[in-house]
Undergrad: 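I have a structure here, written as structure tokens, and I will follow up with some questions on it.
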Amino acid sequence: MDEVRREKLDKLIELGINPYPYKFDRTHLSEDIKANFEAVEGQTVSIAGRLMANRGMGKAAFLDLQDPAGRIQGFLRQNDLGEEGFALYKLLDIGDIVGITGEVFRTKTGEISVKAQTLVLLSKSLRPLPIVKEKEDESGEKTVFDAFADKELRYRQRYVDLVVNPEVREVFVKRSAIIGEIRRQFADNGWLEVETPILQPIYGGASARPFKTHHNALDMPLYLRIANELYLKRLIVGGFDGVFEFAKDFRNEGMSRFHNPEFTQVELYVAYKDYHWMMEMTENLIAAVAQRVNGSTKTVFGEHEVDFKPPWPRLSIYGGIEKYTGKNLANASEAELFAAAKDLHLPVDKTWGPGKIVDEIFGEFVEPKLIQPTFIVDHPVFLSPLAKKHRSEAGLVERFEAVVCGKEIANAFSELNDPLDQRERFEAQVALREQGDDEAQMLDDDYLRALEYGMPPTAGIGIGIDRLTMVLTNQHSIRDVLLFPHMRPEGSDKE
RNA sequence: GGGCCCGUAGCUCAGUCGGUAGAGCAGCGGACUUUUAAUCCGUAGGUCGGAGGUUCGAAUCCUCCCGGGCUCACCA
């Protein structure tokens, strides 16, 4: 804490000023005034926000107030405020929350401003804020001085980041709009938003290592969910024909630019539909979200311009491999697959099965090339223990992944609703687990019991909200679309 | 987990060949009643991430530790 500011706080109290009053009646946001200047010129308005700049001129001053809509200048004169009011100004610091009531006018340099009749302190700030300044040159280009750019500090003290870096705020406004638009569209279709357990006795619905915890009263292990898929499908069994949930999922795996231990997916299950229907729903949905958030189906991501306008191309796993490596592996034997990998200089592990090799070749040589939105369809059975077998292609399932900018943003299938087949797939997973694959799925007897009662044909999808947000906001690290990305604990050398 | 890089004032950064630390902004004092990176004068501010080592002497060289960034692997 800053000692000088503590002293100012004491002086304010001595002057009989409450540094933390209870309310303020704001009449206008900065943008309301700036956008409607002709209408409000000469009117008395009340604005409130954080003091971001203070240009003192002796017995007058110009303050920049920042509110959720932007910034606006306040103009103070001792003549207007009186000596007492001006004494308050003298004790203000950048970062304080203040309210100004006065007349809207334009200064002689043209800046739309509020001429203070009264100035009130709404909250005293006791810590200095990083001061970011910017200058706009004649061409309108902005140069930023002393940017608050240290990524660690920005993530750890996101509240400061949000105050001083307006573009950060924009990302999270868009994230909210993305979620809002998806929710609205789903609800408009009559699908039901539900909540399912985060603490699960048996985790399932994905291949990943979980976080484990313990319930004291029942003295039993519980897992934080890695997906909510199996619970949502139980609800389809129960007769809800469309259910969705925006879910925080938790995976106990490495962190990277694309991975945070907790992340958000929206999962949706719709009865009587298949994955072809789901593809159309998805491309229309994402295009609508992009339109809503960015005003266009086109968006810039790094050096690329991406267009979500439907329809998106459909590309099979083997078709993609053939397109980008020239190798037709659709009916290749295991030996031929190993040979193909060697030919492509892809390091392989002897323990890999054929599905794994195909997956690796695809991930290495095809996925990174898929910049425009593309549906990758029809995956090997062994990679997809919850997906329904392909209606015409042996060894494959009816599954698709939506890929954009070389990254998967959604994963969907025609859901496996044959309880006997599902039991066999689970048992194969258990066998894998016994061989040491700690990402293999667990056998969920209650889920099988639910399927045995009968689940209608169903299409399901999970859409990665974080990654979708990255693409639509041109952010290249997941940490920049999470308000509070996971960090190691702060060391003892830090406050 | 591997590799590369980084850690100096509240913020952004300099600091040469090893000789006990600088700038701008913010702060503090002063001038200024239409400024906008306000300006001008003055001033204060540091366990140089931490610990050890080499050395007459370490922000600087070496070792270890802590924290971070990027990247590769696994994954969504």
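Lettering of chains follows the sequences in order, A, B, ..., and the numbering in each one begins at 1.
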Undergrad: Round to the nearest Å and state the distance from Glu253(A) atom CD to C72(B) atom P.
TA: 18 Å

Undergrad: Between C70(B), U36(B), U71(B), which nucleotide gets closest to the side-chain atoms of Arg257(A)?
TA: U71(B)

Undergrad: Heavy atom of residues 401-412 of chain A under 4.0 Å from RNA chain B: which residues?
TA: Lys407(A), Glu408(A)

Undergrad: Round to the nearest Å and state the distance from Gln73(A) atom CD to A38(B) atom C1'.
TA: 11 Å

Undergrad: Would a distance-only check, ignoring hydrogens and angles, find a side-chain to backbone donor-acceptor pair under 3.5 Å from Glu111(A) to Gln73(A)?
TA: no

Undergrad: Can you measure Arg154(A) atom CZ to G67(B) atom P for me and round it to whole angstrom units?
TA: 21 Å

Undergrad: Indicate yes or no for a side-chain donor-acceptor contact from Glu267(A) to the backbone of Asn228(A) under 3.5 Å, with no hydrogens or angles considered.
TA: yes

Undergrad: Is the backbone N or O of Ile226(A) less than 3.5 Å from a side-chain atom of Arg251(A), with the two atoms forming a donor-acceptor pair by type?
TA: yes

Undergrad: Of the options Lys124(A), Arg50(A), Gln66(A), which is the one that meets Ile97(A) in a side-chain contact (heavy atoms from CB on, under 4.5 Å)?
TA: Arg50(A)

Undergrad: Rounded to whole angstrom, note down the P distance from U8(B) over to U16(B).
TA: 16 Å

Undergrad: Need the pair for C70(B). Rule: Watson-Crick or G-U wobble, both distances under 3.5 Å, any strand; none if unpaired.
TA: G3(B)

Undergrad: In whole angstrom, give me the gap between the P atoms of U54(B) and U12(B).
TA: 36 Å

Undergrad: Any donor and acceptor pair, going by atom type alone, linking the side chain of Glu283(A) with main-chain N or O of Thr374(A) inside 3.5 Å?
TA: no

Undergrad: Answer yes or no for Arg234(A) and Tyr231(A): cation-pi contact, defined as NZ/CZ to six-membered ring centre under 6.0 Å and angle to ring axis within 45°.
TA: yes

Undergrad: To the nearest Å, how far apart are Leu383(A) CG and A76(B) C1'?
TA: 14 Å

Undergrad: Classify the angle between the aromatic ring planes of Phe186(A) and Trp191(A) as parallel (below 30°), tilted (30 to 60°) or perpendicular (above 60°).
TA: perpendicular

Undergrad: Expressed in angstrom and rounded to an integer, what is the separation of Phe413(A) atom CZ from A76(B) atom P?
TA: 11 Å

Undergrad: Is the distance from the ring center of Phe400(A) to that of Phe375(A) below 6.0 Å?
TA: yes

Undergrad: Can you tell me how far P of G1(B) sits from CG of Asn252(A), to the nearest Å?
TA: 13 Å

Undergrad: Can you check the Arg251(A) CZ to A76(B) C1' distance for me, whole Å?
TA: 6 Å

Undergrad: Would you give a per-nucleotide map of nucleotides 25-34 of chain B, 5' to 3', where B means the base has a protein non-hydrogen atom under 4.0 Å away, S means only the sugar-phosphate does, and - means neither?
TA: SS-S---BBB

Undergrad: Measure from the side chain of Arg156(A), starting at C-beta and using heavy atoms only, and say which of C70(B), C74(B), G68(B) lies closest.
TA: G68(B)

Undergrad: Provide the distance between the two P atoms, one in A73(B) and one in C11(B), to the nearest whole Å.
TA: 35 Å

Undergrad: Rounding to a whole Å, what distance do you find between Ile72(A):CD1 and U35(B):C1'?
TA: 15 Å

